[in-house]
Amino acid sequence: MENIFMGEYDIIVIGSGHAGCEAALASARMGHRTLMFSMNLEAIAMMPCNPSIGGTGKGHLVREIDALGGEMGVNIDKSFIQVRMLNTAKGPAVHSLRAQADKNLYHLEMKKTLEHTENLDLRQGEVTDIIVENGRACGVRTKTHTWYSAKAVILATGTFLKGKIFIGDAVYSGGPNGLASSEELGDNLRKLGIDLRRFKTGTPARCLGQSLDYGKMIPQSGDEPPVPFSFMDDQIGENKGLCWLSYTNEKTHDIIRQNFSRSALFGGQIEGIGPRYCPSIEDKVNRFADKARHQLFVEPEGLDTDEMYIQGMSSSLPEDVQQAFYSTIPGLENIRIVRPAYAIEYDCIDPQELKLNLEYRKIPGLFMAGQVNGSSGYEEAACQGLMAGINAVLSIEGRDPFILGRDEAYIGVLIDDLVTKGTNEPYRIMTSRAEYRLLLRQDNADQRLTEKSYRIGLATEERYQRTLAKKRSVEAEKVRLMNTWVDREKASEFLTAHGTTETEGRISLFDMLKRPQITYDDLSEVDGPDRPVLSYHERTGLEVEIKYEGYITKQLKQIERFKKLENRALPEDMDYENIEGLRIEARQKLSRVRPVNMGQASRISGVSPADINVLMVFLEKRRRERSLKR
């Protein structure tokens, strides 16, 4: 049957999850006619697993997405149930914001934003083929025999690509949350020569809140007032609900152990590799046999539903076993499960086949983002979608790619890790992955990134001016604190009351704030009438910069050394196979990844410091030869 031509677009996005939404919005907001395909419009910004945004490391990504002009931070500020700042007992580098979401409201608000975005069309339909002509992606075909042309295509299929569901011995094709899987597109990608592999993830059961005994669980309240994710929001109202903490026990573990043979995970049905940092409950019981209990959180799925999410208890065990082991947990004895836990296996690529701008090396014009690149998590997907959308635009405009370094953003760390090092399991961001995390704090994401985004045409004038105003406000307040002094007697009384040592003479508010026991808000007790009213974002940034001034300076010096390697560019057409002195493994890895600079080359697994020295000598020799020819 002949395919019917339905329209011409600049960019087509396949998928409407967190990656697809950010990619489509970035492209459209940068002025390009964009079409976003969703197999089901009800799947837009769907949360098939945890109904939350942020968390350790992930909160940094959300703030960076927001600073660049993405939508995730704005959207969760509209749809949160509860907000908490994690890791507050540790330093500011690892403070991470997390918000419990009303998942349906999150979906509706994102859908509304997409529907009202200029240059953006939504279409429910299944893409079955990516059209490639003369080696370049130039359109898509759909299951209903239509086709659309495009200058670039962004693939953001999440876990839908040849998705397979596992619940005990029940195995069937399907996508997340009871939706259909995408079958034909996976076959098309293989025909295009794209190597695919299988990864796996899972999700816990959902139950009715009315069946739970909250008196046996520990309430988990949010912070008051709740802190906004978006730098465009100063206040976001009040928390609207509680989460609850409970624990498994030996009875729970006994039931799971007795049924290991009925788990798809241990029965051999699952071939895909699962996330190490988010194991199923049967995997936890098996791997950590010495642990008497594992914690779990009971979290609301929304304000207009009684469904509760059992975080930390994903499983591929049969439904009768699920009912049995969930019922052993305090507070869950009479649990009424409405959606059973399941594991899902899906196709994804090897991200080392991508350039740092997320374009597939072998097919120009084809960009990839999210779980199809081997990552795991809404936030990881969203930041890749945003960067793929930006770079697809820059590519068709003939402009240089927008690439963030490891010293500039967690987004840069994530993409560099995927593309340079690859991953053998679903990749999850963590603060420990960032070498320069004291500089890559969530509080200063706008100061690091908004101007960059504004210069390429994404961040709005309003956002840019707000960023500049915050910078001016913080700098002015620093100067005021340095020049505001408190006499010895008053200062000593204040410092003693706050658990720190007295001063031998008068002291500035700036030096008082350097002490770990003193907060900026505390200073109001000894401050004068000139004290300004600062926003939450301004107060936080000011306090961290003053308290950690010495450490920040030290890390900036480390980055200077790091930049020496990053600034040594490597030609894209470098013939690594014929460079004498390189080990065979290094030749193969360098030829495959095609690093853009010496720094990226040094991070490739299998490339040793000795190989880097060989490259340095080779480049210097080539430079001298070319110099003599002139």
Side-chain angles (χ1 to χ4, degrees), residues 1-15 19-20 23-24 26-28 30-37 119 121 123 125-157 161 182 184-196 347-370 372-373 384-385 387-403 419 571-577 591-596:
M1 183 178 290
E2 185 179 351
N3 290 300
I4 303 164
F5 179 66
M6 290 294 290
E8 182 178 346
Y9 289 86
D10 292 325
I11 293 173
I12 293 176
V13 179
I14 305 171
S27 167
M30 292 178 76
H32 286 265
R33 192 162 182 238
T34 304
L35 173 63
M36 185 179 81
F37 273 101
N119 301 317
D121 290 342
R123 183 62 59 99
E126 182 180 349
V127 172
T128 57
D129 296 89
I130 294 172
I131 302 170
V132 176
E133 293 182 357
N134 299 319
R136 183 177 183 86
C138 59
V140 302
R141 294 188 186 90
T142 73
K143 202 176 186 73
T144 53
H145 307 292
T146 63
W147 73 280
Y148 301 76
S149 66
K151 297 172 184 174
V153 176
I154 300 173
L155 189 66
T157 47
L161 205 58
S182 172
E184 294 176 58
L185 182 57
D187 295 331
N188 169 249
L189 295 177
R190 286 183 171 86
K191 288 178 184 175
L192 292 174
I194 297 175
D195 292 329
L196 297 174
D347 277 351
C348 60
I349 68 159
D350 181 346
Q352 288 188 298
E353 298 291 341
L354 300 172
K355 299 179 182 179
L356 284 171
N357 68 346
L358 298 181
E359 186 176 26
Y360 191 69
R361 291 184 181 282
K362 298 172 184 175
I363 305 176
L366 176 59
F367 293 77
M368 300 188 177
V372 73
N373 288 346
Q384 291 174 68
M387 296 299 284
I390 290 170
N391 279 306
V393 166
L394 297 178
S395 173
I396 65 178
E397 290 181 353
R399 296 160 67 189
D400 290 338
F402 182 61
I403 296 169
V419 174
E572 191 171 347
D573 61 351
M574 179 86 86
D575 184 4
Y576 295 104
E577 295 292 343
S591 297
R592 183 183 182 191
V593 176
R594 314 299 310 177
V596 296

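What you see is a predicted model, and the numbers here were worked out from it, not measured in a lab.
Side chains of Ile11 and Ile154 form a contact here, defined as non-hydrogen atoms less than 4.5 Å apart. Side-chain contact between Arg594 and Tyr576: present, with at least one pair of heavy atoms (C-beta onward) separated by less than 4.5 Å. Side-chain contact check for Tyr9 versus Asp121: some heavy-atom pair is nearer than 4.5 Å. For the pair Phe367 and Leu155, the minimum side-chain heavy-atom distance is 4.5 Å or more. The shortest distance between side-chain heavy atoms of Leu185 and Glu126 does not fall below 4.5 Å. Two residues are said to be in side-chain contact when any heavy atoms from C-beta on lie closer than 4.5 Å; Leu358 and Asn391 fail this criterion.
In summary, Asp10 and Arg33 do not engage in a salt bridge, as defined by a charged side-chain N under 4.0 Å from a carboxylate O.
Heavy-atom minimum distance, Ala369 versus Ala19: O-CB, 3.9 Å. Closest non-hydrogen pair, Ala152 versus Ile396, comes out as CB-CG2, 4.0 Å. Taking each heavy atom of Glu184 and Lys143 in turn, the nearest pair found is OE2-NZ, 2.5 Å. Across all their heavy atoms, Leu394 and Pro401 have their closest contact at CD1-C, 4.0 Å. Here the closest heavy-atom approach between residue Lys355 and residue Val419 is recorded as O-CG2, 3.8 Å. The minimum heavy-atom distance linking Glu397 with Arg399 is given by the pair OE1-NH1, 2.6 Å.
Considering CD1 of Ile390 and CZ of Phe402, their distance stands at 5.5 Å, rounded to 0.5 Å. Distance check, rounded to the nearest 0.5 Å: CD1 of Ile14 to CG of Leu35 gives 9.5 Å. How far CH2 of Trp147 is from CD1 of Ile4: 12.0 Å, rounded to the nearest 0.5 Å. Atom OG of Ser27 sits about 10.5 Å away from atom CD1 of Ile12, to the nearest 0.5 Å.
Between the Glu359 side chain and the Pro364 main chain, no donor and acceptor come within less than 3.5 Å of each other. Counting only distance, with no hydrogens or angles, the side chain of Asn373 and the backbone of Met368 share a donor-acceptor pair below 3.5 Å.
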Just distance, no hydrogens or angles: give the donor-acceptor pairs under 3.5 Å from side chains in residues 130-142, sequence neighbours left out.
residue, atom, partner, partner atom, Å
Thr142, OG1, Thr144, N, 3.3
Thr142, OG1, Thr144, OG1, 3.1
Thr142, OG1, Thr146, N, 3.4
Thr142, OG1, Thr146, OG1, 2.6

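In terms of the side chain to side chain donor-acceptor pair (under 3.5 Å) criterion, residue partners of Arg123 (sequence neighbours excluded) are, by chain and number, Tyr148.
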* Run the side-chain contact (heavy atoms from CB on, under 4.5 Å) check on Leu192 and Leu366 step by step: do they pass? -> CA-CA 11 Å; Leu192 292 174; Leu366 176 59; 5.6 Å; no
* Step by step, work out the side-chain contact (heavy atoms from CB on, under 4.5 Å) result for Leu189 and Ile349. => CA-CA 10 Å; Leu189 295 177; Ile349 68 159; 5.8 Å; no
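Within 6.0 Å of CD on Glu8 lie no more than 12 heavy atoms contributed by other residues, nucleotides or ligands.
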